[in-house]
Amino acid sequence: MSILFYLSALIAVVSTVMVITRINIVHALLYFIVSLLAVAVIFYTLGAPMAAALEVIVYAGAIMVMFLFVMMMLNLGQPTIEQEKAWLSPNMWIGPTILATILLIELLLGLFTTDATIAHTMVEAKEIGIALFGPYVLAVELASMLLLAGLVGAYHLARK
């Protein structure tokens with residue numbers, strides 16, 4: 001499991017660097033999804049399957065859908081359509097596909113092998129709920145307000 005942890009951490013770091021260095025927003029979003037999935041594998045190897053599931057559902061799912069929604073709202077017309085056609089080349093998918101395949105293999109290895117060197121304790125859903133609605137309720141509310149502000153800002157940018 002420690003190899004799984006370190007390989008996932010390496011993939012998370014590499015894909016995050018790729019997010020920062022990409023000029024093309026779609027490429028950056030693909031690498032960002034790979035990075036979030038790698039962090040979910042890290043959570044799983046540390047013994048927090050609930051946090052891993054929340055990472056996939058909330059961040060890789062809901063947040064990325066919101067980013068794609070904002071990109072659709074900011075549609076820039078015919079030049080954007082031509083650029084999107086050029087993005088559909090198979091070369092664009094090589095990097096994210098390789099990293100996602102490695103993560104899938106790691107996850108399958110982690111599910112079918114048990115090594116208790118890293119996973120010391122399990123984090124239950126009740127503990128997450130108590131933490132989110134207890135001492136971290138302000139941080140959760142601030143994050144939701146930040147997302148709302150981003151959505152309102154994208155709406156104002158997109159309207160003519």
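Source: prediction; values computed, not measured. Numbers here simply count residues along the sequence, with the first being 1.
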State yes or no: do Ile94 and Leu29 share one hydrophobic cluster built from I, L, V, M, F, W and Y residues joined by side-chain heavy-atom distances below 4.5 Å, directly or via other members? yes
For Pro135 and Ile130, the nearest pair of non-hydrogen atoms, with its separation, is CD-O, 3.8 Å
Atom CD1 of Ile33 and atom CG of Leu99: how far apart are they, to the nearest 0.5 Å? 13.0 Å
To the closest 0.5 Å, what do you measure between CD1 (Ile105) and CG (Leu4)? 11.5 Å
Side-chain heavy atoms nearer than 4.5 Å, only ILVMFWY residues, links allowed to pass through others: does that put Leu46 and Tyr6 together? yes
Report whether Leu37 and Ile98 are members of the same hydrophobic cluster (ILVMFWY, side-chain heavy atoms less than 4.5 Å apart, transitive linking). yes
Locate the shortest heavy-atom distance separating Leu103 from Val34; write the atom from each residue and the value. CD1-O, 3.6 Å
When rounded to the nearest 0.5 angstrom, what is the spacing between CE in Met50 and CD in Glu127? 11.0 Å
Would you compute the distance between atom CD1 of Ile11 and atom CD1 of Ile102 and round it to the nearest 0.5 angstrom? 4.5 Å
Hey, are the side chains of Val56 and Leu36 touching, using non-hydrogen atoms and a 4.5 Å cut-off? no
Assigning hydrophobic clusters by single linkage (Ile, Leu, Val, Met, Phe, Trp, Tyr; side-chain heavy-atom cutoff under 4.5 Å), is Tyr44 placed with Val13? no
Going by heavy atoms in the side chains, are Glu106 and Ile3 under 4.5 Å from each other? no
May I ask whether Phe43 and Leu7 are part of the same hydrophobic cluster, defined by side-chain heavy atoms of I, L, V, M, F, W, Y residues being less than 4.5 angstrom apart, directly or through others? no
Any donor and acceptor pair, going by atom type alone, linking the side chain of Ser35 with main-chain N or O of Tyr31 inside 3.5 Å? no
Please examine the side chains of Leu142 and Leu138, heavy atoms only from C-beta on, and report whether any two atoms are closer than 4.5 Å. yes
How close do Ile42 and Ala12 get, heavy atom to heavy atom, and via which atoms? CD1-CB, 4.4 Å
